[in-house]
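Only this structure's heavy atoms are used, side chains among them; waters, hydrogens and symmetry mates stay out. Chain naming here is simple, since letters A, B, ... match the order of the sequence lines and numbering starts at 1 in each.
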Amino acid sequence: MAPWSVAGVSQLSTSPSVPVSLVPSPGGEEGATWVRVALDVPLAGLFDYRAPAGARVGQRAIVSFGRREMVGIVIETPVAPAVAVEQVKDVVQMLDDLPPFPDDWLKLAAFAADYYQRPLGEVMLPALPGPLRKPAAYQGLRAAGGPVARLDARAARAAKPKRTRRKKDQAPDDERALTSEENVSASENAEATSALPPVSLPTLNASQQEAVEALSGLSGFKPVLLHGVTGSGKTEVYLRVAERVLREGRQVMLLVPEINLTPQLEQVFRRRLEAIAGTGGVAVLHSGLADGERLQAWLRAVRGQARVLLGTRLSLFTPLPDLGLIVVDEEHDPSYKQQEGLRYSARDLAIWRARDRGVPIILGSATPSMETWHHAQTGRYLLLSLPQRALAAEPPRIRLLDTRNVKLQQGLAPPLLQAVAQRLEKGEQSLIFLNRRGYAPVLHCDACGWVSGCPRCSAYMVLHRQPPRVPGGPGRHELRCHHCGWQQRVPMACPDCGNQDLQPMGRGTQRLEEHLGELFPGARIARIDADSTRRKGSAQELFARMHAGDIDILVGTQMVAKGHDFQNLGFVGVLNADAMLFSHDFRAPERLFAQLMQVAGRAGRAGTPAEVYIQTGYPEQPLYQALVRHDYAGFARYALRERESAGLPPFAYQALLTAEARELAQAQAFLAQARAWTERTDGTDSSQAADMSRITLYDPVPLRVVRVANVERAQLLVESDSRPALQGFLRAWAGVLPGLAATARVRWHLEVDPLEI
DNA sequence: AGCACGCCGACT
DNA sequence: GTCGGCGTGCTC
């Protein structure tokens, strides 16, 4: 990411609270003071209240706002309120169950608010565990002092029996008991003993050794790209560096894309790092946790009891008193970008945070994002490479199957089928990757041309056909819209002409599973996609069966690409990759390359030379050619050249204004007004610091799927070759957009650094 | 965003 | 006669 502007930070007052004696008196209680509070409301600005003496910046407060009560965070203690004194209400209750948030956390939130053009409160409050931002958690008899106090009390209770057993060597200290390391960890994980057996460390190969040494020599802020293919041992490098940082007494933040898909990683990190950080020294944070668990992990990290914080993007906003290292694993992964609310990139903010704290940050990937790779090439980031596979297994052989002159059998090329058959004979597993769930993408009437359109969206309804649970039983057939979730029964005949012979067009994973069953009657076939894993735990179950060798052929969507390595997987077939190659999105090739590398990497880790066949009608495409050579650098060179000549990121900076309304025209009208405003500003208005000469605004265009759930959408792309110019413009623009007349029946949002356009 | 207040249609 | 539609306006 480009030079960071820190302008937004100025909205934080760093001055200590003001001497109350010489100001417009807040009145009321003796020594009362004014506080300026951030609230989770979609309104720009902060809100002033009257608080008891001693209120501090960074402290939380329950305030009355309109007709409801909310939890806010004190950002300033101004000398006078910004509105008439009569309008200022009293704080309902200052909360002191936590120390005030530290300056660096407030600064991080302020930066994110400014960078992504959102109100400060909308950044800060959603970043906290749920109970800490609900006034209700502090009310009523049951609350007993709020969620933090309750949690601590529970931990103290749980620790009691242990304490009596060891009363000899530990004097009771009730103050300390609430937060002390041993008590909380005992409650969290009574099973895990602190006497872990010594872990035998894997031997590092030469390049791992070099990487660890280079990383150990770093002090202060430095972004490092750790580039290594699947199986090259990036995790071991993270671990060694993390261990070192822990020994220095500092905390480590490790971000992963999705924690549920990588339970092994969590196990490895726990085992290795708890040996240093102590039992309970590793906290795990992700959106799947219940409120209480999340609060507990967060508190442990905030209090410095947890020395390692392992988690998804939401962990980025956790205050860490002794942060010494940040690791972003799979840094290219799109799930680091939040797609609603504050649309932040946890990877980009992690880099900002590392700079702010003056600590190193490791970005790990086999297929880095073009942004990161570009920075590594220009020397802005340090590039460390792990070229070999650590386990000395041969990389999979990738072969392109030209589908232009081949007669496909149910969409499958003969060599692919032969490969599956061979692996079956050898008792090895096969994986067929098809990134399209359902039975067929559309149902079609040959007689009149009717297709299964969604009544609420401008999209096709997908045919789903679940095979019967018991042989001969009823299968579940239905049409489903993947955009809005609408479902209906499959019509027996064409709704338009009555033709009874409706045809499924194209192939999804369900149909593929069915075909493979017909082609390989003896084989054990399973499918992993969003449909087959809807039930909680069923994904784990299916992965376990695959690992146990109870599955011969696995059909899967991108869900199978992440995390899991299959020891006995000898063959990977890829279908329909071309669909992504020619997507409208300029980042599609980058995602396709990453995905194919990742899928290919699932196989052959244990030493079996694995094969990967990719069916394509365009084998000459540079992307596929680079893939066959396992040549990420070659692909990136080609992709970056294209980006540069087209003036696209990372050579330009973008923002996207999206509008939604019942009628497309309303959305378009809003965008037109938003655009027209920029023509009036033209740099002549000196109050707007925006340098319009460096800003390009494109025409508003409808989204490719215009209507979803009866809402029609359009968007307006803004581009600049200068990050500061774009930021300056967005700041001014975000200020006027809420006031535009056309906002009436329009919902809109502004996204900075959009991933998809 | 919530949550009110405020005027115009089909119902106990 | 009211319950309720969502239009508009405000929140320190």
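Between A/F65 and A/F47, the ring planes are perpendicular. Angles over 60° get that label, and only those under 30° would be called parallel.
Nearest heavy atom pair, residue A/L132 against residue A/P147, reads CD2-CG, 4.3 Å.
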Enumerate all atom pairs, one protein N or O and one N or O from nucleotides 10-12 of chain C, separated by less than 3.5 Å.
| residue | atom | partner | partner atom | Å |
| --- | --- | --- | --- | --- |
| C/dT11 | O3' | A/G66 | N | 2.9 |
| C/dC12 | OP1 | A/Y49 | OH | 3.4 |
| C/dC12 | OP1 | A/S64 | O | 3.2 |
| C/dC12 | OP1 | A/G66 | N | 3.4 |
| C/dC12 | OP2 | A/K89 | NZ | 2.9 |
| C/dC12 | O3' | A/D48 | O | 2.5 |
| C/dC12 | O3' | A/K89 | N | 2.9 |
| C/dC12 | O2 | A/D48 | N | 2.8 |

Short heteroatom pairs, N/O only, protein and nucleotides 4-8 of chain C, under 3.5 Å:
none

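For A/K337 (side chain) and A/D753 (main-chain N/O), a donor-acceptor pair under 3.5 Å exists by modelled atom type. The backbone N or O of A/A659 sits nowhere less than 3.5 Å from a side-chain atom of A/Q715 that would complete a donor-acceptor pair.
The distance between atom CG of A/D40 and atom P of B/dC3, rounded to the nearest whole Å, is 13 Å. Following rounding to the nearest Å, A/E69 (CD) and B/dG2 (P) show an atom-to-atom distance of 16 Å.
Salt-bridge check for A/E663 with A/R707: failed, with every basic side-chain N at 4.0 Å or more from each acidic carboxylate O. Between A/D333 and A/R591 no salt bridge is recorded (no basic side-chain N to carboxylate O distance below 4.0 Å). A salt bridge is absent between A/R133 and A/D40: the closest approach of a Lys/Arg side-chain nitrogen to an acidic carboxylate oxygen does not fall below 4.0 angstrom.
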Checklist entry - Passes salt bridge (Lys or Arg N to Asp or Glu O under 4.0 Å), A/D531 versus A/R480? Steps please. => result CA-CA 12 Å; A/D531 300 306; A/R480 262 193 244 165; 3.1 Å; yes
